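Counting starts at 1 for both ligands and their atoms, in listed order. Since we're looking at a predicted model, the values are computed, not measured. Heads up: numbering here begins at 1 and tracks the sequence.
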Amino acid sequence: MQAVYETTLEYAQSKDQVDTLFPFRERFHFPQHNGKDVYYFCGNSLGLQPKSVEYLMNAELRDWARHGVEGHFRAAYPWFSYHHIFTERLAKITGALNSEVVAMNALTVNLHLLMLSFYRPSGTRYKILMEAGAFPSDQYAVETQVRMHGLDPEDAIIEITPAPGAHLIEDIDIINGIKEAGDSLALVMIGGVNYYTGQFFDLEGITKAAHSVGAYCGFDLAHAVGNVPLQLHNWNVDFACWCSYKYLNSGPGGVAGAFVHERYSNDAGQFRLAGWWGNDEKTRFKMEKGFEPQPGAAGWQMSNAPVFNMVAHNASLDIFDKAGLDALRAKSVDLTGYMEFLLSQVKHLDFQVITPSEPHRRGCQLSMLFGNNGKKIFDFLTENGVVADWREPNVIRIAPVPLYNTYEDCYRLYELLMAMEA
Ligand SMILES: *Cc1c(COP(=O)(O)O)cnc(C)c1O
């Protein structure tokens, strides 16, 4: 059913009044512009700080001061097993079993570590298929993994591009690309939601296609986690990784996450680069020779938990839990639909929204592709208290985030665009 929206401030405010998630906005710090909260549309790049972080951070500092090394066992959240506090909440957000997820490291690091386990080229099966225009870090990671195996990226990397003149890559083109590559394919690695267009790919269909030709399938979920519904276990995804500072609001460089499907994560023989934190917890401190991985994705950990880098993660996941994933998604679909409707009423500026219009093919982000004047419009929005995101050569990305954005935020952005000269 097509929602019916209106282009008035009164309408936007009336939507906010009946929005049960509206109070969650109060749990975040907003940057200020001329003494007022900014209109923050950049949660796809860096989520806002939960107000509870400061208290939790101070508590952790006190535990360190009070306990020193004993904090490993005596801290309120003992550092020895700190990563356990995230397990259940991350499993819910990613649609995984508890044993399949772990919070560790940073995103690109995890992508490399998981490719070391799941990109194992041999003989004529050595190719990696990915989307063209992937986030640069992912491109560099794939390219250098290929080189590490003595292969030529030109030959070993298959990039699926949009059809000529199109902005989006159709799922069917990825699936056909996989079938065409057949048993030359070792791995399919895709960004689950494209950072530039906001497109959410058919992860289940892509996984099925990869498996049908005997390839592994993994996803970078940086723009998907906390944004779109995920069922990594049921979709049979082999591995995935994500960062926590975008939709998960866990602070710049905050701890990242990883998923390894149970059919591998419980297999001690599955190759991984090991460190002591991935060792069986019962024997970890015996400091003996011979790595014995603990079961689950936690067996991919290397170093002890970066506790101060995990505090905000704890604060933020708690907010997700309280808001509820279903309620967040329902609001997200409606709020982004509202933003899209408002943008469709701006007829005098030269842009189009390139994000798919079907809700199941996107999260909250909308990408506006400008024919001209894009930068001028972006600068005008910035001067008027809008925090959006400019991507060369001519895209403005905006992300109305259901946890803290309002219908009025969307209206204000529309109002500014309407005030702008063509
Ligand atoms: C944000 C993002 C990254 C950033 O990687 P870091 O290792 O966290 O610096 C990588 N890949 C994708 C797809 C992203 O969206």
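Atoms of ligand 1 found under 4.0 Å from any heavy atom of Lys246, numbered from 1 in the order shown, are 1 (C), 2 (C), 3 (C), 14 (C), 15 (O). Residue His223 has at least one heavy-atom neighbour below 4.0 Å for each of these atoms of ligand 1: 15 (O).
Among all protein heavy atoms, the one lying closest to atom 12 (C) of ligand 1 is Phe135 CG, 3.3 Å. The protein atom (non-hydrogen) at minimum distance from atom 7 (O) of ligand 1 is Thr108 OG1, 2.6 Å. In terms of protein heavy-atom proximity, atom 9 (O) of ligand 1 is nearest to Tyr245 OH, 3.7 Å. Atom 11 (N) of ligand 1 has as its closest protein heavy atom Asp138 OD1, 2.7 Å.
Counting heavy atoms under 4.0 Å from ligand 1, residue Asp220 touches it through the side chain alone.
Residue Phe118 forms a ring-ring contact (aromatic ring centres under 6.0 Å, His included) with just one option from Tyr216, Phe271, Phe219, Phe259, and that option is Tyr216.
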Do Asp19 and Thr406 pass the side chain to side chain contact (heavy atoms under 4.5 Å, CB included) test, and can you show the C-alpha distance, the side-chain angles, and the key distance before you say yes or no? CA-CA 9 Å; Asp19 170 18; Thr406 62; over 6 Å; no
Decide yes or no on ring pair (Phe, Tyr, Trp, His ring centres under 6.0 Å) for Tyr126 and His149, but give the supporting numbers first. CA-CA 9 Å; Tyr126 63 92; His149 289 285; over 10 Å; no
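Shown here is Glu88, whose CD atom has no more than 12 heavy atoms of other residues, nucleotides or ligands within 6.0 Å.
In this structure, the side chain of Lys246 does not engage the main chain of Ala222 through any donor-acceptor pair within 3.5 Å.
Using cut-offs of 30° and 60° on the angle between ring planes, the pair Phe135 and His223 is tilted.
Considering backbone and side-chain N/O atoms, Tyr195 never comes within less than 3.5 Å of an N/O atom of ligand 1.
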